[in-house]
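Values below: every heavy atom of this structure, side chains too, minus hydrogens, waters and symmetry copies.
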Amino acid sequence: MREFETYVFDLDGTLLETLKDLAASTNFALRQYDMPEHSIEDVRMFVGNGVKKLMERAIPNGLDNPKFEEVYATFRQHYLNHNLDTTKPYDGIPELLRELKGRGKKLAIVSNKFYAATQDLARHFFPDTIEVAIGERENIKKKPAPDTVVEALRQLGVSKEGAVYIGDSDVDIMTARNSGLPCASVLWGFRDKEFLLEHGATFFADKPDDLLPDE
């Protein structure tokens, strides 16, 4: 990949393998209200637009379910307490971030995961490499709107020139486009290459090393 000065990463499915913990918290919340549970593969297709959209897809009748807010609140509390049970960086990610940081690159996370969880996970797994981590907040539009990317660049003190956005989903492709950034789509995350191609992906990384600048 060509060299950039700033690397803005999605979190779930890009830096961290979070699917099992998301599925566990989803099904815990559903069980409390005698609602049908979902398989890991179901949850894989539900994620990508933030945890509220995940629960909207998981709960029967979604937002129209009169118990929606209660189930969603139960999910949030359980996930905050259990988001480190099985979650871990994908193989090669810590090494990639250390190498980029060592080359003087600016690194940020922009996620549709709620803000507290995004901050907790960034501090836990990447305390020495990720400088800015932004999650879903009430006062800022979530991806695919460009607002969180713009805020990350502002906090880093850089412009979008020389920046790249890296993610694993169609939402990430749209986010990059809306932010005026090139996009690198990773193939170890929640969506496969065929799906990403259908949604406009143009550059693919098969492994984290593919994101390093070409020698």
Side-chain angles (χ1 to χ4, degrees), residues 1-18 48 84 87-113 115-137 140-191 193 196 200-215:
M1 185 163 92
R2 72 181 178 89
E3 187 163 8
F4 295 92
E5 295 306 312
T6 304
Y7 292 74
V8 181
F9 293 91
D10 172 54
L11 185 60
D12 295 45
T14 300
L15 297 180
L16 293 180
E17 190 174 356
T18 58
L84 294 174
T87 288
K88 61 182 181 179
Y90 288 99
D91 289 345
I93 287 297
E95 295 82 0
L96 168 70
L97 298 181
R98 285 196 294 269
E99 179 65 25
L100 291 173
K101 187 73 170 178
R103 298 188 189 191
K105 308 305 181 183
K106 297 283 189 178
L107 308 179
I109 288 170
V110 167
S111 175
N112 275 347
K113 186 187 292 294
Y115 192 83
T118 301
Q119 292 274 301
D120 288 348
L121 291 167
R123 280 193 295 264
H124 181 81
F125 288 109
F126 314 117
D128 301 321
T129 50
I130 295 294
E131 300 171 59
V132 170
I134 295 177
E136 182 180 4
R137 292 184 293 180
I140 189 168
K141 292 180 182 177
K142 67 179 184 177
K143 301 185 299 183
D147 301 47
T148 48
V149 173
V150 171
E151 176 62 14
L153 296 176
R154 185 192 70 78
Q155 290 189 26
L156 288 172
V158 299
S159 70
K160 68 179 182 180
E161 282 69 37
V164 63
Y165 186 90
I166 299 162
D168 72 304
S169 72
D170 53 323
V171 173
D172 294 313
I173 295 167
M174 290 187 288
T175 300
R177 185 181 302 128
N178 293 338
S179 303
L181 299 183
C183 183
S185 297
V186 306
L187 296 179
W188 55 80
F190 297 159
R191 302 289 186 265
K193 188 172 185 178
L196 295 169
T202 57
F203 177 84
F204 298 96
D206 288 299
K207 57 188 186 304
D209 278 358
D210 293 340
L211 298 171
L212 288 171
D214 297 328
E215 295 294 339

The single option from D10, L181, D147, V149 passing side-chain contact (heavy atoms from CB on, under 4.5 Å) against T175: V149
Minimum side-chain heavy-atom gap D170-L196 below 4.5 Å: no
NZ/NE/NH1/NH2 to OD/OE distance under 4.0 Å, D12 and K113: yes
Considering all heavy atoms, the nearest T14-W188 contact: O-NE1, 2.9 Å
L15 vs I109, side chain to side chain contact (heavy atoms under 4.5 Å, CB included): CA-CA, chis, key distance, verdict: CA-CA 9 Å; L15 297 180; I109 288 170; 3.7 Å; yes
Nearest non-hydrogen partners of A184 and M1, listed with the distance: CB-SD, 4.1 Å
Shortest non-hydrogen contact from E136 toward N112: OE1-O, 3.2 Å
Straight-line distance of N178 CG to K141 NZ, nearest 0.5 Å: 10.5 Å
Minimum heavy-atom distance between L156 and A108, given as atom pair plus value: CD1-CB, 3.8 Å
Side-chain heavy-atom pair K142, T148 within 4.5 angstrom cut-off: no
Value rounded to 0.5 Å, distance of NZ in K143 from OG in S111: 5.5 Å
Pair S169-D172, side-chain donor/acceptor within less than 3.5 Å: yes
Heavy-atom closest pair, residues F4 and P182: CE2-CG, 3.6 Å
Spacing of CZ belonging to R2 relative to CG belonging to D214, to within rounding of 0.5 Å: 10.5 Å
Under-4.0 Å salt bridge between E3 and R103: no
I130 side chain near L97 side chain, heavy-atom distance below 4.5 Å: yes
K101 versus Y7, side-chain donor and acceptor atoms under 3.5 Å: no
Side chain proximity check, T6 to V164, heavy atoms < 4.5 angstrom: no
Side-chain heavy atoms of L100 within contact of P213, under 4.5 Å: yes
Closest non-hydrogen atom pair between V110 and A152, with its separation: CG2-CB, 3.7 Å
Charged N-O contact under 4.0 Å between K105 and E5: yes
Lys/Arg cation over aromatic F125: K88, 6.0 Å, 45° cone: no
Donor-acceptor contact present, side-chain E151 to main-chain I134, <3.5 Å: no
Salt-bridge contact K207-D91 (side-chain N to carboxylate O under 4.0 Å): no
Side chain D168, main chain V186, donor-acceptor under 3.5 Å: no
Intermediate values then yes/no, side chain to side chain contact (heavy atoms under 4.5 Å, CB included), L121 and F126: CA-CA 8 Å; L121 291 167; F126 314 117; over 6 Å; no
